[in-house]
Amino acid sequence: MSGGGSIGSGGGGGGDKFSGGGSSSTKTPSDFLKSIRGRPVVVKLNSGVDYRGILACLDGYMNIAMEQTEEYVNGQLKNKYGDAFIRGNNVLYISTSKRTLGDGA
Amino acid sequence: MSSNPSQLLPSELIDRCIGSKIWVIMKGDKELVGTLRGFDVYVNMVLEDVTEYEITAEGRRVTKLDQILLNGNNIAILVPGGSPDPE
């Protein structure tokens with residue numbers, strides 16, 4: 001297990017300029033991952049497909065487990081999954097969503 | 001080592017952008033503009049109040065996003081200060 005999974009394994013990094021630590025408004029990728037577990041999210045893959053659902057669990061590789069997942073292709077609902085696992089290499093971004101589920105498009 | 005003010009590491013330049021607008025140009029026809037909150041050694045980035053632009057054959061699709069963790073894998077160019085585009 002070497003390389004790759006740095007996001008979750010950050011552990012503060014005090015004084016390290018590269019980690020962007022210090023300022024109170026700073027939120028590193030590892031801070032973000034800690035803050036969004038259990039929240040409704042939108043996950044966009046490199047292919048352009050969107051997955052909306054409740055984020056059950058994730059790691060530093062951006063591997064993601066989601067619940068109540070809805071699959072959107074070109075903004076249109078194509079599929080629903082009770083549980084879904086997304087391998088991290090496909091993930092373009094993970095976004096918090098203010099909108100409630102089923103609100104779609 | 002880094003005491004010479006004429007030397008600025010790329011990562012230090014991005015660090016100076018934290019809290020301000022930044023324009024992210026991805027590999028492929030995608031761009032994002034948002035406020036930079038943080039980043040890591042892979043230049044994965046946390047962005048806030050994001051506008052995503054996807055350039056497709058049908059035209060430009062715009063998506064507004066609250067807060068995102070952007071995978072650094074497909075990032076090509078970072079421009080401090082945001083997009084010159086008024087939108």
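To find a chain, count down the sequence lines: A is the first, B the second, and so on, and within it residues start at 1. The structure displayed is predicted, hence computed values, not measured ones.
Taking 4.5 Å as the limit, every side-chain heavy atom of B:Ile68 sits out of range of all side-chain heavy atoms of A:Lys44. Inter-residue side-chain proximity for A:Asn46 and B:Asn74 is flagged as met; some heavy-atom pair is nearer than 4.5 Å. The shortest side-chain heavy-atom distance between B:Leu47 and A:Tyr93 does not fall under the 4.5 Å cut-off. With a 4.5 Å cut-off on side-chain heavy atoms, A:Met62 and B:Asn71 count as touching.
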Task: Full working for side chain to side chain contact (heavy atoms under 4.5 Å, CB included) between A:Lys27 and B:Glu48 - done: CA-CA 10 Å; A:Lys27 192 171 193 180; B:Glu48 227 168 61; 5.6 Å; no
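The two atoms that bring B:Asp66 and A:Ser95 nearest to each other are N-OG, 4.4 Å, heavy atoms only. The two atoms that bring A:Pro29 and B:Leu69 nearest to each other are CB-CD1, 3.6 Å, heavy atoms only.
Taken together through direct or relayed side-chain contacts under 4.5 Å among Ile, Leu, Val, Met, Phe, Trp and Tyr, B:Ile55 and B:Leu65 form parts of separate hydrophobic clusters. Put simply, A:Tyr81 and A:Met66 are part of the same group of oily side chains (I, L, V, M, F, W, Y) that touch within less than 4.5 Å, one to the next. One hydrophobic cluster, built from ILVMFWY side chains closer than 4.5 Å, holds both A:Tyr51 and A:Val73.
For B:Glu52, the part lying near chain A is the side chain, with the backbone staying farther off; criterion is any non-hydrogen pair under 4.5 Å. Both the backbone and the side chain of A:Asn74 come within contact range of chain B, judged by heavy atoms closer than 4.5 Å.
One finds the NZ atom of B:Lys30 at 5.5 Å from the CG atom of A:Leu92 (value rounded to the nearest 0.5 Å).
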